[in-house]
Each structure stands twice: as C-alpha cells, then as structure tokens.
Amino acid sequence: MTHSVTNPLINWSEIDTVLLDMDGTLLDLHFDWNFWMHVIPQAYADKNNLSLEDAKALIHTKIHSQTGTLNWYCLDYWTETLNLPIAELKHELRNQIKVHPQVMTFLAFLKAQNKTVVMVTNAHRDSLVIKLEMTEIEPYFDKMVSAHDFGMPKEDIAIWSEIQNIISYNPQKTLLIDDNVHALTTAKKYGIKHLLCATFVSPKLDRIDPKDFPSFHHYSEIMPS
Ligand SMILES: [Mg+2]
C-alpha cells in the first residue's frame, strides 16, 4: 500500500533510512546538562577541596577547550582528566534520564513505515548503555552507531562515509534528525538530502537555533496527522 505520507516539513515516502541523534534529539538534554554543569563540578570541588565556583570555572574551561572534538563526549577522557569516576557518577543519576514527549510514538511510526532506523550518536558507548537501560528506545533501532567506534565525531564529514561500511544507505533517501547544527552541516556537505534540526532539547533549556536548517519543536510536527 502506498498512500502518500506527507507532512509540511517532510515527505516520508521519499525516505527509506532515518539517522537519529540521541541526546537532546530523542532524550531530554537536561540530564547531561545537569550532570556536567552541577554534578561533576560538585564532585570535583569535594575531591580537590575547592570552592564550587572555582571548580565550575575550571571545569567549564576544560570542557570548552574540547568542544566539537570526540574527547568532549569521551567518558574515558574525562575520567582521566578530572580523576573522577564519570561513568559511576552518571549511573547514580540515571533515574533522571527520559525521552521527549511523543518519541515512542515517533519510533513506532518509523517502524510501521518500514524505515531503516539507525542511531548515530557522539555519545560514548558507556553513556549509550546507561541511556538504553533507562529508556525503551533500543528495540526500534536496526543499528546503533557511536562516533567513538570510528574515532571521529559527527562534526567530521568523514563519519558519514564510515557509516556506509556499517549500514549502506542512499544519501538521497536518508533523513538525519539532530540537535547539533555542526553535525547537520557535515551531513549536508556529504550529500544527505533530508535534514531536520530538533530544536526542543529540554523543557529546562533554551531552544536550539537551527540556522538555515528546517526544524521542529515537537514530534507531532513531523508525523502525518
Ligand atoms: Mg544531540
């Protein structure tokens, strides 16, 4: 049956593969934000007998210096750099992990439409494991790709051809949904035709500026009504 599945933002009949980011796109980014902005500085302050303000300033500088690199997402890197048990601390907070509204409906829609669904995340495998444990998204994916498997983040255009070795996809019939404008930019340069910026990363955080990319706030906006 081929009744047309359209939507003002996206013509689903033109798409056979959907690449989905995880943090911020499918999951509420507040978990990660709170973890890096509050929990880690507090743990670092306690461990090194610093004031919370000093620890925050120090860690923000360290984090800022790694923006857009794979280290920024690498739990091993931060475990070593800060000398803190990052994965363990993350695990303690795991009850705060949650999916955005309508994400489960959206994933079920993709499955019903027989799309190939691939997670492409910059998150470290350890971080991915905790998030899959605490949500029910895993069964909806045909494959899960962590940028760490290739040693490069989505900000590096080469990742999109590396992914071809894992799951061959036709860029012309592929949609990437991401809250990371830099990732959308490299995907566009590589030739991925359909791109959507997910601007609602958390009810507690500012919306993402999608720059020139088509964008949506709520998943109901990209599903046929
Ligand atoms: Mg993201």
Side-chain angles (χ1 to χ4, degrees), residues 9 17-37 40 63-64 66-75 77-78 86 90 93-94 96-104 106-107 110 117-135 137-138 140-141 143-150 152-157 159-160 162-163 174-190 192 194-219 221-222:
L9 273 170
T17 304
V18 183
L19 309 178
L20 290 172
D21 171 52
M22 181 173 67
D23 298 321
T25 299
L26 299 175
L27 307 189
D28 189 332
L29 198 61
H30 187 256
F31 170 81
D32 302 280
W33 188 85
N34 178 48
F35 184 73
W36 290 104
M37 295 300 149
I40 291 296
I63 289 175
H64 197 71
Q66 299 299 327
T67 305
T69 72
L70 201 59
N71 278 341
W72 199 88
Y73 303 96
C74 185
L75 300 194
Y77 173 83
W78 292 111
I86 304 293
K90 233 177 205 202
L93 276 189
R94 66 192 184 284
Q96 294 177 14
I97 295 168
K98 58 179 183 209
V99 297
H100 285 315
Q102 296 260 307
V103 159
M104 299 315 293
F106 177 64
L107 292 173
L110 296 179
V117 182
V118 183
M119 162 144 1
V120 183
T121 177
N122 276 341
H124 190 272
R125 283 274 172 195
D126 291 349
S127 195
L128 181 59
V129 165
I130 298 171
K131 282 164 177 172
L132 295 178
E133 210 178 276
M134 297 310 293
T135 62
I137 62 175
E138 188 171 13
Y140 293 93
F141 288 87
K143 274 270 188 286
M144 303 218 164
V145 173
S146 163
H148 295 258
D149 301 347
F150 309 113
M152 64 185 80
K154 287 183 278 184
E155 286 85 340
D156 187 331
I157 191 169
I159 199 168
W160 305 110
E162 290 285 343
I163 294 169
T174 296
L175 163 68
L176 168 66
I177 305 181
D178 209 308
D179 65 331
N180 180 343
V181 172
H182 299 290
L184 291 166
T185 303
T186 58
K188 186 178 185 173
K189 281 195 189 134
Y190 178 69
I192 292 175
H194 307 275
L195 303 152
L196 279 176
C197 182
T199 57
F200 176 81
V201 293
S202 171
K204 294 181 183 162
L205 297 171
D206 290 343
R207 278 198 202 194
I208 297 289
D209 173 2
K211 310 284 183 198
D212 291 331
F213 291 101
S215 67
F216 68 97
H217 185 63
H218 194 272
Y219 279 91
E221 293 165 46
I222 61 167

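As the structure lists them, so they are numbered: ligands from 1, and atoms in each ligand from 1. Just so you know, residue 1 is the first one in the sequence shown, and it goes up from there. Fair warning: this is a prediction, and the values are worked out from it, not measured in the lab.
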Out of the candidates Y77, W78, Y73, only one should pair with Q66 under the side chain to side chain donor-acceptor pair (under 3.5 Å) rule; please name it.
Y77
Per residue D21, nearest N, O or S atom to the Mg ion (ligand 1) is named OD2
More than 12 heavy atoms of other residues, nucleotides or ligands under 6.0 Å from CG of D209: is that the case?
yes
Restricting to N, O or S atoms, which atom of D179 is closest to the Mg ion (ligand 1)?
OD1
Restricting to N, O or S atoms, which atom of D23 is closest to the Mg ion (ligand 1)?
O
With a 3.5 Å cut-off and no angle check, do the side chains of R125 and H148 form a donor-acceptor pair?
no
Is it true that D21 and K154 have a side-chain N and a carboxylate O under 4.0 angstrom from each other?
yes
